[in-house]
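Notes to accompany the following structure.
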Amino acid sequence: MAGTLRVRFAPSPTGYLHTGGARTALFNYLWAKGQGGVFILRVEDTDEERSTEESMRAILDGLQWLGIMWDEGPDPKQFGESIGPFPPYYQSMRRPLHQEYMKKLWDAGHVFYCPATAEEMTGPDGKKLTFSPYRDITREEQEKRLAAGEVMPVRFRCPRDVEVSWEDAVRGKVTFSSNEVGDFVLFKGNGQPLYNFVVVCDDIDMQITNVLRGEDHISNTPKQILLHEALGHTPPEFGHVPLIVGMDRQRLSKRHGATAVDAYEEQGVLPEAMVNFLALIGWAPGDDREKMTLEEMKQAFDPHRCTKAAGAFNPDKLKFFNELYIRELSPDALLERLRRFIPPVWLEHRGEDYAKHVFTLFQEKIAYLNEMEANAWYFFRDPVEADNNEKSVAKFLTENESAKQVLSEIAAGMEALGDGEWTEEKLAPIVDGFVESSGLGRGKVMQPWRVALTGDAISPGFYDLVVTLGKETVLRRVQPWIDRL
RNA sequence: GGCCCUAUCGUCUAGUGGCCUAGGACGCCGCCCUCUCAAGGCGGAAACACGGGUUCGAGUCCCGUUAGGGCUGCCA
């Protein structure tokens with residue numbers, strides 16, 4: 001393979017970064033980086049009405065969050081600025097180049113101003129004509145109409161009866177008849193260039209060697225190949241990855257839950273989990289590995305190993321990967337990832353080390369970072385009546401014969417513990433002693449305590465709970481129950 | 001409708017003519033562990049869409065059927 005691999009991700013900023021786009025970007029990134037190539041980001045904002053700066057921001061942020069950083073493209077720090085040898089990387093700012101290529105096509109006779117009305121482009125069967133009735137209009141006629149101020153789109157004069165085919169990197173040979181392509185529009189009547197034209201200009205100018213994109217672009221490919229050839233250029237190699245669908249095999253939509261990656265970020269999905277999960281829809285390394293770092297994926301990625309059938313977005317599997325990645329975070333890393341998901345006062349309550357320790361207690365219990373707050377709150381404030389789970393309180397405290405004794409006898413034992421003795425080693429004999437003397441099971445003993453301390457019957461291990469909370473807090477929370485029962 | 005693409009457990013996938021009695025993962029079910037909830041360990045159910053070929057031999061190649069999807073814009 002001669003030369004450097006140059007690939008691009010070319011989103012149009014008309015919405016957020018959705019999962020399909022993120023995966024396409026990821027595949028391009030993995031491929032380029034694994035081959036020592038260049039990953040380019042180009043903003044396809046040719047449609048001025050639909051493109052927004054806000055959307056572009058969201059896409060840039062999304063890619064950066066995922067760790068998919070581009071070598072050439074928009075400057076993430078300065079909107080409108082570009083980084084790389086072929087600026088600008090905003091399509092709307094590349095009009096001079098597009099005009100230049102337009103002139104080449106015009107001079108070579110590959111395009112024509114088409115005066116056809118909508119009616120004239122419609123056949124007797126009511127369907128759109130593929131070839132314009134004006135495709136053989138003379139140059140003089142076009143210039144005359146232009147001079148008269150007539151508004152006309154520019155069309156590509158598509159050759160008839162030509163077979164257009166390419167060796168698709170993921171699908172193998174794909175063939176179209178040029179008769180299916182037709183005289184497509186390059187410039188709108190108002191002079192605005194259209195996607196299929198600018199993409200070719202820019203790919204040539206940016207020296208793109210390989211195009212890996214969604215399957216929805218397959219039918220654009222013959223148009224682009226024809227254009228490359230008309231411009232005297234060898235087309236890049238193309239590859240089309242299948243779409244991501246919902247579990248019901250329908251196109252991904254709001255019904256399937258979040259489609260935008262920022263929604264997953266807000267839910268507390270780790271970017272490394274998201275990337276790992278996304279990479280496995282439509283691609284597999286070939287061995288049984290599933291959990292992989294970005295680095296491992298770069299080494300293994302090859303578009304020829306991509307699947308040809310659409311893959312379903314399985315939320316359960318994303319959840320699984322997120323649990324996996326959360327579990328392997330160090331206490332410090334866990335705290336950092338959690339910062340935006342917890343009340344800031346938690347870190348001041350007893351300091352960051354305390355909070356850090358508390359979080360590790362829940363590390364194997366949560367699937368998403370945003371679940372921490374609802375789980376760990378009682379380590380940062382005493383439960384009040386409204387926090388209590390009525391059923392748990394009834395079962396283990398108010399309607400439990402032995403509750404008062406369980407709480408008071410053990411509390412008495414705890415009370416006797418001196419400074420530095422608030423450890424599992426010192427506490428366990430007290431609990432064990434009571435379990436033995438009372439003949440009650442450990443569950444019968446620990447559950448009332450758990451409810452008294454947290455308001456519910458679910459918490460980390462008994463000793464983790466008691467030791468972490470500390471003597472003062474534990475006794476403060478239990479005393480009201482001893483008095484009340 | 002036309003054109004193009006696709007088809008292995010519920011889902012993501014391995015599989016490129018004999019290594020397949022079809023492997024892994026998620027999910028699901030059962031058991032173990034156990035102070036709750038989880039986690040963890042062990043085990044289990046679960047697929048080559050259908051019909052024709054080609055071949056000594058087909059999940060793997062060819063054709064058809066069926067079923068999905070994409071495109072069919074002076075959107076990208």
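Quick note on labels: first sequence line is chain A, next is B, and so on, each numbered from 1.
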Does A/Lys188 put a side-chain nitrogen or oxygen below 4.0 Å from OP1 or OP2 of B/C75?
yes
Quiz item: A/Glu290 side-chain donor-acceptor pair to B/G24 base, under 3.5 Å
yes
Ring-on-base stacking between A/His217 and B/G70, under 5.5 Å between centres and under 30° between planes: is it there?
no
Between A/Arg251 and B/G69, is there a side-chain N or O to OP1/OP2 distance below 4.0 Å?
no
B/C12, B/G73, B/C71: which one has an atom nearest the side-chain heavy atoms of A/Lys128?
B/G73
Is it true that the NZ or CZ of A/Arg160 lies under 6.0 Å from the centre of A/Phe131's six-membered ring and within 45 degrees of the ring axis?
yes
Presence of A/Gln250 side-chain N/O under 4.0 Å of B/G69 phosphate oxygens OP1/OP2
yes
For a quick test of reading the model: is some side-chain N or O of A/Ser219 closer than 4.0 Å to OP1 or OP2 of B/C4?
no
Taking the nucleotide of RNA chain B with the nearest heavy atom to each, does A/Leu280 or A/Arg171 sit closer to the 5' end?
A/Arg171
Ionic contact status for A/Lys365 with A/Glu371, cut-off 4.0 Å
no
Mind checking if A/Arg305 touches a base, just sugar-phosphate, or nothing, with heavy atoms under 4.0 Å?
sugar-phosphate
I'd like to know if A/Asp205 and A/Arg94 make a salt bridge, using a cut-off of under 4.0 Å between side-chain N and carboxylate O.
yes
Kindly point out which of B/A25, B/C35, B/A76 is positioned nearest to the side chain of A/Met446?
B/C35
Apply salt bridge (Lys or Arg N to Asp or Glu O under 4.0 Å) to the pair A/Arg50 and A/Asp47, showing each step before the final yes or no.
CA-CA 6 Å; A/Arg50 300 199 307 150; A/Asp47 188 335; 3.3 Å; yes
Reckon A/Ala312 touches a base, only the sugar-phosphate, or nothing at all at heavy-atom distances under 4.0 Å?
sugar-phosphate
How do A/Met247 and A/Phe176 order along RNA chain B: which one's closest nucleotide is nearer the 5' end?
A/Phe176
I'd like to know if A/Lys317 reaches the base of B/A25 with its side chain, counting only an N/O donor and acceptor under 3.5 Å.
yes
Between B/A76, B/U6, B/G69, spot the one nearest the side chain of A/Asn220, thanks.
B/A76
Under 4.0 Å, counting only non-hydrogen atoms across every strand here, what does A/Ser51 touch: a base, just sugar-phosphate, or nothing?
nothing
Would you say A/Arg249 reaches B/C12's phosphate, i.e. side-chain N/O to OP1/OP2 under 4.0 Å?
yes
Donor-acceptor pair under 3.5 Å, A/Asn196 side chain vs B/A76 base:
no
Counter-base of B/A49, judged by Watson-Crick or G-U geometry with both distances under 3.5 Å
B/U65
With a 3.5 Å cut-off and heavy atoms only, can you find an N or O donor on one side and an acceptor on the other between the side chain of A/Arg50 and the base of B/C75?
yes
Under 3.5 Å for both donor-acceptor distances, Watson-Crick or wobble: does B/C35 have a partner, and if so which one?
none
